[in-house]
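Read the numbers this way: they start at 1 and go in the same order the structure lists the ligands and their atoms. FYI, the numbering just counts along the sequence from 1.
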Amino acid sequence: MTSRVGIPIFRNYLCTMRENLSSWNDTIVALATPPGLGAIAVIRLSGPSAIEIMSGVFSKKSLSTKASHTVHFGKIINDNAVLDEVVVTIYRAPKSYTGEEVVEISCHGSPFIQDSILQLLQAKGARLAKPGEFTQRAFLNGKLDLTQAEAVADLIASSTEAARKTALYNLKGGFSSDLQVMREKLIKFSALIELELDFSQEDVAFANKKSLELLVHELQEKTKTLLLSFQLGNVIKHGVQVAIVGKPNAGKSTLLNALLNENRALVSEIPGTTRDTVEEYLNIQGVLYKLIDTAGIRHTTTDSIEQMGIEKSKEKILAADIVIALFDASTTTAAQIKEWKQELLGAEKIIFVGNKMDIAINSTLETDNALSDIIFIAAKDKHNILALENALHQKAVGDGLNKEGTIVTNSRHVASLKRLLFALNDIETGLADNVTGDLLAIDINHALHYLGTITGQITNEDQLDFIFSKFCIGK
Ligand code: GDP
């Protein structure tokens, strides 16, 4: 029998997975707002019995007859006693976040009330949700694909404008539609090959080899562009590590304070980062910067490359994405600066910054053409700090944030895209070697498979559990 490519490999995959989920039919409950005291808290129920369970504890029993997307004020009653006055919103399947019957209860935000309601709803038949289980159900019900579900987690964790924007783009299906277009093109490709296989006895060619080559080339380029975007994606998602190095008294602490004053970032939890070292977070022009091990950097006392104090800071330089090499411009000659630049030639990630320009005796430094890429500041007066911020932004993201298009931020996607590229390269080689249609079909199958692993059309329960376990409870 000849190989078959395309859609059949996806057949029933999700269905099987859904059937395998032992607890698929139960109703889950969790606090959707952060735990602790607040004006209000939101508790969410999802599952076939969500509305029925809610009706059982609600003062207005008629909930089960109410339409989707309606809001109801009433009391939660436990053993004839009023537990709280609440507002209940009901969403009927499939028009809800999870695609199931959903109830959202806005109650008063005391932890005691939240806990009592959660206990009561569990006593009435709901089960406490696992982390990410609401979104997992949304995925399994076809409300989101896997890239969109992952974007939900990214959106919740986003702490800068760039991270929010990228996550929202992916949540709206930006990345998914790129992948869908690629998938459709590959399936069209595979259909032609399949036709040839069906008519192999008659020796007819349906697939025009040249156009197939062009198609593979187009898909390779698209995949490469997506892979390249990860560099930027990583910056957006995890921030940029910056080290300020320089000899003692160059003004490192003063510069750090000048930068922090304007840009101190409110950071809760950034995925993949450790808090073991001393770190200061800056949000400059929508991008997160981590000033790493600033205590250490501030107390750098030794210098190996003459007067710059860079040699002993090598570890910090290696760890950093960008290095601000700060020197005291009031005690430095143009010749010295040129010498350092020469020594560090090719160190792309270094930004040379001359400080204390307010007391610099050599006022020609700023007008010296050979030093035009050096930023001269007076950290104490916050003079020209904006130029430094612009230079950081340029080095970190260039004009990448202004461009339209998908930015890949997830290393799982990168792994699949790399494998996809290998499969596309194999198709290219096969076409060049004039291999038979059934061999080409195997490589096309591989390419389709890797595309499917990104969007979740091809996946397994363990992988899903792993992905969703990184979500918070209630999401
Ligand atoms: P660090 O050892 O590199 O961290 O240097 P500090 O930030 O502690 O600064 C050393 C000294 O230089 C302090 O007395 C600062 O007030 C002074 N300083 C820092 N920046 C400037 C500046 O832009 N102009 C002047 N005149 N003094 C500065």
Asp358/Lys380 ion pair, N-O < 4.0 Å: no
May I ask you to decide if the ring planes of His69 and Tyr91 are parallel, tilted or perpendicular, using 30° and 60° as cut-offs? perpendicular
Would you kindly specify which portion of Ser253 sits under 4.0 Å from ligand 1, judged on non-hydrogen atoms: side chain, backbone, both or neither? both
Any nitrogen or oxygen of Ala379 lying under 3.5 Å from a nitrogen or oxygen in ligand 1? Just yes or no. yes
Less than 3.5 Å between some nitrogen or oxygen of Ile359 and one of ligand 1, yes or no? no
Could you list which atoms of ligand 1 come closer than 4.0 Å to a heavy atom of Ala378? 23 (O)
Heavy-atom proximity to atom 15 (C) of ligand 1, best of Thr254, Val245, Asn249: Thr254
Enclosure of Lys143 NZ (heavy-atom neighbours >12, cutoff 6.0 Å): yes
Looking at Arg137 and Glu133, is there a salt bridge between them, counting it only when a charged N and a carboxylate O are closer than 4.0 Å? yes
Near Lys338 NZ, under 6.0 Å, is it more than 12 heavy atoms from other residues, nucleotides or ligands? yes
Based purely on interatomic distance, does Pro248 place a nitrogen or oxygen under 3.5 Å from a nitrogen or oxygen of ligand 1? no
Short version for Asn355: what comes under 4.0 Å of ligand 1, heavy atoms counted, is side chain
Regarding Lys237 and Asp154, does a basic nitrogen lie under 4.0 Å from an acidic carboxylate oxygen? yes
Would you mind running through ligand 1 and noting each atom that sits below 4.0 Å from a heavy atom of Gly251? 1 (P), 3 (O), 5 (O), 6 (P), 7 (O), 9 (O), 19 (C)
Examine the proximity of ligand 1 to Asp358 and report which part, side chain or backbone, both or neither, has a heavy atom under 4.0 Å away. side chain
Gly246 touching ligand 1 at heavy-atom level, < 4.0 angstrom: no
Side chains of His446 and Arg419: closer than 4.5 Å at any heavy-atom pair? no
